[in-house]
There are 2 protein chains.
Amino acid sequence: MGRWEPDARGRLARVALELYTERGFEQTTAEDIAERAGVTERTFFRHFADKREVLFDGSAALQTHLVDAIASAPAGLPPIEVVGRAFAGAGALLEERRDFARRRAAVIAATPALQERELLKLATMAAAAAEALRARGVADPAAGLAAQVGVAAFTTGFELWVADASPDGLAATIEGALADLRAVTAP
Amino acid sequence: MGRWEPDARGRLARVALELYTERGFEQTTAEDIAERAGVTERTFFRHFADKREVLFDGSAALQTHLVDAIASAPAGLPPIEVVGRAFAGAGALLEERRDFARRRAAVIAATPALQERELLKLATMAAAAAEALRARGVADPAAGLAAQVGVAAFTTGFELWVADASPDGLAATIEGALADLRAVTAP
DNA sequence: GTCGTGATGACAGTTGCTGACATCAGTTCG
DNA sequence: CGAACTGATGTCAGCAACTGTCATCACGAC
């Protein structure tokens, strides 16, 4: 056995969600989390840039999948279809972790500071998606607009799914939200 | 003459933008701002909830205009047209203050913490716009999606306008961005 | 076995922000 | 006319979010 228990980072992330759920984000100090995870506060801040970031550890992986999906979509597919498939595919990654996603979403919904961070992550994902579309030859401003449309469909579908209002799973719900959006904007 | 110079709030907001521009947001302390504005740090935090909020003093007014524009749009106008006119109208409010808007945008673009706050303000505006659409009888999820589409057009148009890439003014550029978006999503 | 190396602990320091109480010009009201 | 009231500010103490720096020590390479 090593000098310390392994996976301090994972423990910190799990404990943070626990405590944010139990007491709320503002009522939880970084020291509380570190203590319950069996490390010091300093170690918490070595693993996570701040108290918010601990809830967003998976977002880089999600973005990678999204960008890969856009890059590897069939040539000639219209940008909006590419975006729809890519965001639905990103949603599929969350499909297995609905319970976790719901707890996490509840904490974020209750905390403006965490909403800010989530919006920044989504905006970063949109920027990455736009860049991936440009790499496929999609012009500006269409690339940026298509990416933002994808995020709108993603978040709308996610909310329905978390609220238990989508019978067919997250990926299908995201595609459904995109279809609704296209209906709303149709000339 | 009163006991103190009048308009401490306005002075703080102006000085904050100055200092954020000169030294950057993180390199500016609340005390720096207060001192140059001739008040104490405590007074800064009485007027603004935090160091970021001082750059977003106008957003409530913008949101009010947006909601009013949606509420007073001609009956029977399709939601997407309502949204387009409302966000273009909100843009028209900024038309006169391009220089200020540009300085402010530069600081925000350089500072992730400020981008977060801006995204939260935009999301709040979108939520308010969605609610105003529902009050007109627009169903869910169309109301929320139309509002998000409006924000996408607004931000895209704003970026072009700030970058000097829009010959016809902000309102027209926002309408143009919305037209581009509709073209991208068109079946 | 010696020597990195990487993750952690210990500790001091700055800054953002909050609560509690005092001050005092201008206003209102008896 | 003066007393009570109000609103904006100042003063001060304090917590919590981070950050920089140095020490520690299991583990693996050599």
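Order of the sequence lines sets the chain letters (A, B, ...), proteins ahead of strands, with each chain counted from 1.
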Q: Can a side chain N or O of A/His47 be found less than 4.0 Å away from OP1 or OP2 on C/dT8?
A: yes
Q: Rounded to whole Å, please give me the gap between OH in A/Tyr20 and C1' in D/dA17.
A: 11 Å
Q: Distance check needed: C/dG6 C1' versus A/Glu5 CD, whole Å only.
A: 18 Å
Q: Classify the side chain of B/Arg3 versus the base of D/dG10 as yes if they form a donor-acceptor pair under 3.5 Å and no if they do not.
A: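 Check fails, no donor-acceptor contact within cut-off.
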Q: Please state how far atom CG in B/Leu12 lies from atom P in D/dA8, giving the value in whole angstrom units.
A: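 Answer to the nearest Å: 14 Å.
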Q: Taking atom P of C/dG16 as reference, at what distance in whole Å does atom CD of B/Gln27 sit?
A: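 After rounding, the reported distance stands at 11 Å.
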Q: Could you go through B/Arg36 and B/Glu31, starting from their C-alpha distance and side-chain angles, then the distance that decides it, and tell me whether this counts as salt bridge (Lys or Arg N to Asp or Glu O under 4.0 Å)?
A: CA-CA 9 Å; B/Arg36 193 181 284 192; B/Glu31 197 177 354; over 6 Å; no
Q: Side chain of A/Trp4 only, heavy atoms from C-beta on: which candidate in C/dC17, D/dT9, C/dA7 is closest?
A: C/dA7
Q: Calculate the interatomic distance between A/Glu41 atom CD and C/dT8 atom P; express it in whole Å.
A: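 Answer to the nearest Å: 15 Å.
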Q: Looking for any heavy atom pair under 4.0 Å, which part of the strands does A/Glu31 touch: base, sugar-phosphate only, or nothing?
A: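 No contact.
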Q: Could you tell me if the side chain of B/Asp57 sits less than 4.5 Å from the side chain of B/Phe48, heavy atoms only?
A: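 Touching, per the 4.5 Å side-chain cut-off.
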Q: For DNA chain D, whose closest nucleotide is more 5', that of A/Arg42 or that of A/Phe25?
A: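 Here A/Phe25 is the residue nearer the 5' end.
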Q: Write down the distance between CZ (B/Phe45) and C1' (D/dG14), rounded to a whole number of angstrom.
A: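 In whole Å, D/dG14 C1' lies 15 Å from B/Phe45 CZ.
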Q: Tell me whether the side-chain N/O atoms of B/Thr43 come closer than 4.0 Å to OP1 or OP2 in D/dG10.
A: yes
Q: Which residue is it: A/Arg103, A/Arg97, A/Arg102? I am looking for the one with a side-chain hydrogen bond (donor to acceptor under 3.5 Å, both in side chains) to A/Asp99.
A: A/Arg103
Q: Can we say A/Glu5 and A/Arg11 salt-bridge, meaning some charged N sits less than 4.0 Å from an Asp/Glu carboxylate O?
A: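 Looking at A/Glu5 and A/Arg11, the cut-off is not met.
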Q: If each of A/Arg46 and B/Val39 is mapped to the nucleotide of DNA chain D with the nearest heavy atom, which maps nearer the 5' terminus, i.e. the 5' end?
A: B/Val39
Q: In whole angstroms, how far is the C1' atom of C/dG16 from the CG atom of B/Leu19?
A: 16 Å
Q: When you measure from the side chain of A/Thr111 to the backbone N and O of A/Leu114, does any donor-acceptor pair fall under 3.5 Å?
A: no
Q: Rounded to whole angstrom units, what separation is found between the CD atom of B/Glu26 and the C1' atom of D/dT19?
A: 13 Å
